[in-house]
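What you see is a predicted model, and the numbers here were worked out from it, not measured in a lab.
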Amino acid sequence: MKVLMANLLWLQSGGCGGCSMSLLGAEAPDLITTLESAGINLLWHPSLSEQTGAEVRQLLDDILEGRTELDLLCIEGSMMRGPMGTGRFHLLGGTGIPMIHWVEQLAAKARYTLAIGSCAAFGGISTAGDNPTDATGLQFEGELRGGLLGSDYRSGGDLPVVNVSGCPVHPNWVTESLIELALGEGDPERLDALVRPRLYADQLVHHGCTRNEYYEYKASAEALGHQGCMMEHLGCLGTQAHGDCNTRPWNGEGSCTRGGYPCINCTAPEFEEPRHRFTETPKIAGIPVGLPTDMPKAWFVALASLSKAATPERLKENARSEQLIYPPSAKKTSGNKASSK
């Protein structure tokens, strides 16, 4: 019986290549084994493939002229439209043709188009500040629909651009999204309001965070390196950010909060310009402006006050420390003695 293969083409545009670097961290199994097992044929990736120059140009021409089917088009990095709409800030090497023109033509041929990373999805880091390159996402410009391909774009499989956002993306977010589409399971119901795959976007980064006991009692860290919850003072947005980073961390054990850094909500549009330091929590009358999205704000404020009043002494001390001082079975008492109270 002939095994049908889904052809995958990967192009990189304006960005750092960090999503490809993250993708190479796929494990158990590795990336190439995962793709082959799912019946996905990697036509070309600029960092992983041997073909260059005329060979790549021939491949692209074969796709555009219908000699080679394109099932999965992955774009990494933002679309640079400048200067003055010409796209000539980024020409695809050896072709003399702007990357945005290649993407427009290839997206018209693709069964499914995926934006890999927040730059490709929403514009990302490349759009920060004055955006001199006029960068944008494939089908979003920040929070607004549109982007390079326009809000009405649909791929051959009748889906908009699938925004596998993150900075960088988790390798499994990419491979699982590709496998779903390769198996013909592309369904709008599997995508959220920002067209992100719900396989990871239906969770919050807060879920599974190792600092959740501190969060529950509002025992807060006051400086980077402290063990407490980083929401109140250090800008952590894990209670608002969509992603399962803490339930399936990178390489089995890594995430931003596990590494001692606040979540910056990198799966969301316009995360790159919070208008304050990433490690700062904006407040009004001492109350954080950005409160958890999964409960009414008035409830949170009331419960936070009660939680702080009931915070165990060990958590207060541990939260402001760079290492564990008092284990759960003991609390600090006068004279630095342990008590079972």
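Residues Leu148 and Thr136 come closest through the heavy atom pair N-CG2, 3.8 Å. Considering every non-hydrogen atom in both Arg196 and Ala201, the closest pair reads CB-CB, 4.0 Å. The nearest pair of heavy atoms linking Ile97 to Arg57 is CD1-NH2, 4.1 Å.
By the salt bridge (charged side-chain N to carboxylate O under 4.0 Å, His left out) test, Asp30 is found to be paired with no residue, residues two or more places apart in sequence or in another chain being considered. In this view, Tyr214 satisfies the ring pair (Phe, Tyr, Trp, His ring centres under 6.0 Å) rule with no residue, not counting sequence neighbours. A search for salt bridge (charged side-chain N to carboxylate O under 4.0 Å, His left out) contacts involving Arg145 returns nothing, not counting sequence neighbours.
Gln58 and Asp62 share a donor-acceptor pair across their side chains, judged by distance under 3.5 Å alone. Side-chain contact check for Asn7 and Thr68: no donor-acceptor pair (N or O, by modelled atom type) lies under 3.5 Å.
The salt bridge (charged side-chain N to carboxylate O under 4.0 Å, His left out) analysis of residues 244-268, with sequence neighbours excluded, yields the pairs Glu176-Arg248, Asp244-Arg248.
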Validation: residues 263-272 side-chain donor-acceptor distances under 3.5 Å, sequence neighbours left out:
unit_1 : atom_1 : unit_2 : atom_2 : d
Thr267 : OG1    : His242 : O      : 2.7
Glu270 : OE2    : Glu143 : N      : 3.2
Glu272 : OE2    : Thr127 : OG1    : 3.0

Which donor-acceptor pairs under 3.5 Å do the side chains of residues 20-27 make with protein atoms, sequence neighbours left out?
unit_1 : atom_1 : unit_2 : atom_2 : d
Ser20  : OG     : Gln12  : NE2    : 3.1
Ser20  : OG     : His45  : NE2    : 2.9
Ser20  : OG     : Glu76  : OE1    : 2.6
Ser22  : OG     : Val169 : O      : 2.6
Ser22  : OG     : Trp250 : NE1    : 3.1

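Remark: Glu213 engages Arg314 in a salt bridge, criterion side-chain N to carboxylate O under 4.0 Å.
Here the side chains of Leu72 and Trp10 are not in contact, with every heavy-atom distance at 4.5 Å or above. Proximity of Leu138 to Tyr153: side-chain heavy atoms (C-beta onward) are nowhere separated by under 4.5 Å. Side-chain contact between Leu149 and Glu104 is present, with heavy atoms from C-beta onward closer than 4.5 Å.
The ring of Tyr200 has its center no closer than 6.0 angstrom to the ring center of His170.
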